[in-house]
Every structure is written in structure tokens, then in C-alpha cells.
Amino acid sequence: MVGTKLTIIVSSDANEGWAGRLEIDGTDRDYGAISARDYNDVTRDWEGSHLEAAGTSAKVTYDADSLKTSVGLVSDSTGVPGDWFVVDYTATNVGNCHVGFYEDFLRGSDDRNPFDPSPGPVVLIHELVFSHVPTRDFTGDANVNFADFAVLASFQGVTNCADLNQCEGTDLDADGDVDSDDMMLFADYWLEKTE
Ligand SMILES: [Ca+2]
Ligand SMILES: [Ca+2]
Ligand SMILES: [Ca+2]
């Protein structure tokens, strides 16, 4: 659902250094966004996005250019099996968003700078696909409840939503009216929370 925030956790069963990234390419960025936590501008590290198990020198970077948005993930040899990284995802628009999970094959160089990794083979390990439907949280308080139902009910039977700012989002199937079809689409997300 648009507005929903999810947490992506990268876990490992290895105890060794590793490098990879989560990435959203091209127009997929119109539908979803990834972000890292707690940037430290001294160490240039998103220190809230790597967990203890990733090792004492783990680093997380964030990079956005005209082609892609990526969160770089680097663990070190003091890492232990467990949850290594945490990355936030937000559904921003109706549609599909693919998030690629890549491994960077850059190991073997102990003086490698994790902030400026040399180009190397990058392998797509897994792809997450999120499908976003229109929000049912018409009041914008991150919960779908009676207050939202009241908004929907206030437009029930209206047939000119195109002239009324899409009936404040309650015309969920976007066919211009608010009727029992929209009610059913709403009910599917009853008591949903977006955070
Ligand atoms: Ca609400
Ligand atoms: Ca409708
Ligand atoms: Ca209808």
C-alpha cells in the first residue's frame, strides 16, 4: 500500500568479510525508495544500518545518481552469523518496484576503500518485488480504521470523482465512482498500519 514503510534485514550465516548492495534502478525509483539510518558525517558511515554481527569495521554507504539509488553494505572479518544490515523501504506510488540485492566480488584486497570500491564483478543474488496499491489511509495517520471508513462512506454513491479530486482517494478502483467495489478494496486493508 502506498505509504507503507518496511524494514529490509540482511542476515548472514557466514563469519567473514562481505560486500554488496541493495539497489533500485531507473523508473522503479518512481514507486519506491530505500534509505539507510543515522549518517555520521565524520566517518561517512550510515552507522544505524549495520548491526553488531556485521563486525567492528562494517560500513554502510548511500549513493544516488541519475541511474540508480543504492545502499552499499560492507561487513568485515570480525562479523559473526546473524543480522548484519537494516535498510528502510517506503512505498511511494501505485505500481511495482524492484529492489536488487547484489554481491560485489571485491575481496582479496585488504586496503580496499569501502567508500570507493574499484569496479568489479557484481552479481544479482536476489530480487525483491513490491506491488503497491493505492492507500486506504485517507486521513494520513498511518492507520486504516474507522476514521478512514468515515471518509469513504462520505463519498459513497458519488459518481463524479473525476471532478472531485478523485473523491480524496476513496475511488480505489479509479472508475470514477465510490461504490461497493471500492468498499471491498478498502476492507482488504482494514486495520493495516503503514509504519
Ligand atoms: Ca487513517
Ligand atoms: Ca470506484
Ligand atoms: Ca464502480
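Atoms within a ligand are numbered from 1 in the order they appear, just like the ligands themselves.
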Of all N, O or S atoms in D175, the one closest to the Ca ion (ligand 3) is OD2

Hey, which of T90, V133, V94, T194 is the one that makes side chain to side chain contact (heavy atoms under 4.5 Å, CB included) with V2?
V94

Does the ring centre of F146 sit less than 6.0 Å away from the ring centre of W190?
yes

Of all the atoms in D179, is at least one N, O or S atom closer to the Ca ion (ligand 2) than 3.0 Å?
no

Of all the N, O or S atoms in D141, which has the shortest distance to the Ca ion (ligand 1)?
OD1

Return yes when atom CZ of F130 has more than 12 non-hydrogen atoms of other residues, nucleotides or ligands closer than 6.0 Å, and no otherwise.
yes

So that I can tick it off, tell me whether K5 and E195 are bridged by a salt bridge, with the cut-off set at under 4.0 angstrom between side-chain N and carboxylate O.
yes

D171 OD1 and D173 OD1 subtending at the Ca ion (ligand 2) (10° steps):
90°

Could you tell me whether any N, O or S atom belonging to D182 is less than 3.0 Å from the Ca ion (ligand 3)?
no

If only side-chain N and O atoms count, and only distance matters, is there a donor-acceptor pair under 3.5 Å linking D171 with Q166?
no

Answer yes or no as to whether an N/O/S atom of N143 is found below 3.0 Å from the Ca ion (ligand 1).
yes

Name whichever N, O or S atom of D137 ends up nearest to the Ca ion (ligand 1).
OD1

Using only N, O or S atoms, tell me which atom of D177 is closest to the Ca ion (ligand 2).
O

Could you tell me whether the side chains of T159 and D177 share a donor-acceptor contact shorter than 3.5 Å?
no

Side-chain donor-acceptor pair under 3.5 Å between D137 and T135, yes or no?
no

If the cut-off is 3.0 Å, does any N/O/S atom of D181 fall short of it from the Ca ion (ligand 2)?
no

